[in-house]
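Right, one structure below, let's go through it.
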Amino acid sequence: MPRVPSKTRKKIEWLLRRAEGGLLSPEILEGEGLHLDWPDAMRRLADAEADVAALGAMARFEQLGRAIESGRAGDRAAYAAEHGVAGTQRFVSSGGARVYALSVETFPHHVNNVYVVLEEGSRLMLDCGSGAESSRRDLALGFAVLGAVFGEDVRLEALDTCLVSHAHFDHFGGANRLKEQTGARLAVHELDARVLSCFAERIVIASKDVDVFWRRAGVPDDERTCLLELYASAKSAFRAQEVDVVLRDGDAVGPGYRVHHVPGHCPGLVCLQVHDVLLTSDHVLARITPHQFPQAITPFAGLEHYFHSLAKIRCLQGITLALGGHEEPIRDLYGRIDAIADFHRERLAHVAALCASPRTVAQVAYAMFGEQEGYGRILALDEAGAHVEYLHQLGRLAIANLDAVARARDPVIEYVTRA
Ligand SMILES: [Zn+2]
Ligand SMILES: [Zn+2]
């Protein structure tokens, strides 16, 4: 299959989700203020036929057209079982838990998967979106689809637990509203609970820590000021939220789902094991390699923890399906973990080669990712920083300008590969 640019993939997936509105009743389409203009989406998909084909989605598109046109319950149910409807997809674990993935647009063009796991006497949700308007809209749509298409008698208001997989805003930002609207207990790993419960403190302290990191990375003063504003602004809407259940590695939640602590991408990141299904959040994703940042910014981040956490999940036996916090399901979790670990080993080799002559982290980021704008600049510095830090921890990089670093109050550090 030809490689499809990620922008095109996102657009086609977005259009397919909207077009699937054709499988929903007018009451749902109008009821939640959703206004899914599915005929328009169908037309746009027809116009973009080459892209749909390149994504391997032609058969799905045609099946959708037939299901809408025929109006037969059997055709619609078959489509829903295979592809889901309007971003909500159903899976069943070996132990009989129904696991629903709800696509939720948490920021413009940024889609998260929120999971609703249902069993007799248990209604659990993993993550709660960002709290943004689009996030609330898509959660409402997801719950409407759960009832109308999949026959589930569950409402957002009636959840008993919401487990936040980690303290990144697209995964927990909706927690304020969730607590207002529902009686769900909020469960977060002990290393991330503080981010929610002492949010203002967290933003201030994290901003100071990233500022030190960027200064040492060689980011100029004026640029650092801009980056700091950007860093804080995306997170200003949240109010500190008390956590009801503080989780630790190995805990059981709901009817016995196992919590696996996997620090790296985020200090308090957890995967949740529902029988043979693993909800991996941002630890393992189907296509992109989860973002890394150095533990110089936050303890329990960094590549050493990440590799360790990949190995830990690699040892779990009998996982037949992994469902990430973004992107599509992963059928071969073990193969995907190996591919991600290989990717980082190659990236480490690349960074080591770049540092054959002395470089700052900012120079490494530029060499790896080129010119970046806005938040992309922060992500590039994090990613480069995590790799440089790990190589330095392993003794494969040395500090090239040690005398200058020793003398300066706010030194910029240059790294060089050790012979
Ligand atoms: Zn994350
Ligand atoms: Zn995420």
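First listed ligand is number 1; within each ligand, the first listed atom is number 1.
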key: Lys11 atom NZ, over 12 foreign heavy atoms within 6.0 Å   = no
Would you say that more than 12 heavy atoms from the other residues, nucleotides or ligands in this model lie under 6.0 Å from the CZ of Arg314, or not? yes
Atom name of the N, O or S atom of His171 nearest to the Zn ion (ligand 2) is NE2
Query - Aromatic ring pairing His291/Phe293, orientation class (parallel under 30°, perpendicular over 60°, tilted between) - result: parallel
Counting only heavy atoms not in Arg185, do more than 12 fall under 6.0 Å of its CZ?
no
Looking at Asp282, the N, O or S atom sitting nearest the Zn ion (ligand 1) is OD2
In this structure, the Zn ion (ligand 1) sits at the vertex of an angle between NE2 of His265 and ND1 of His168 that rounds to 10° as 90°
Within His326, is some N, O or S atom less than 2.8 Å away from the Zn ion (ligand 2)?
yes
The single option from Glu120, Glu152, Glu119 that satisfies salt bridge (charged side-chain N to carboxylate O under 4.0 Å, His left out) with Arg98 is Glu152
Is the distance from the Zn ion (ligand 2) to some N, O or S atom of His166 under 2.8 Å?
no
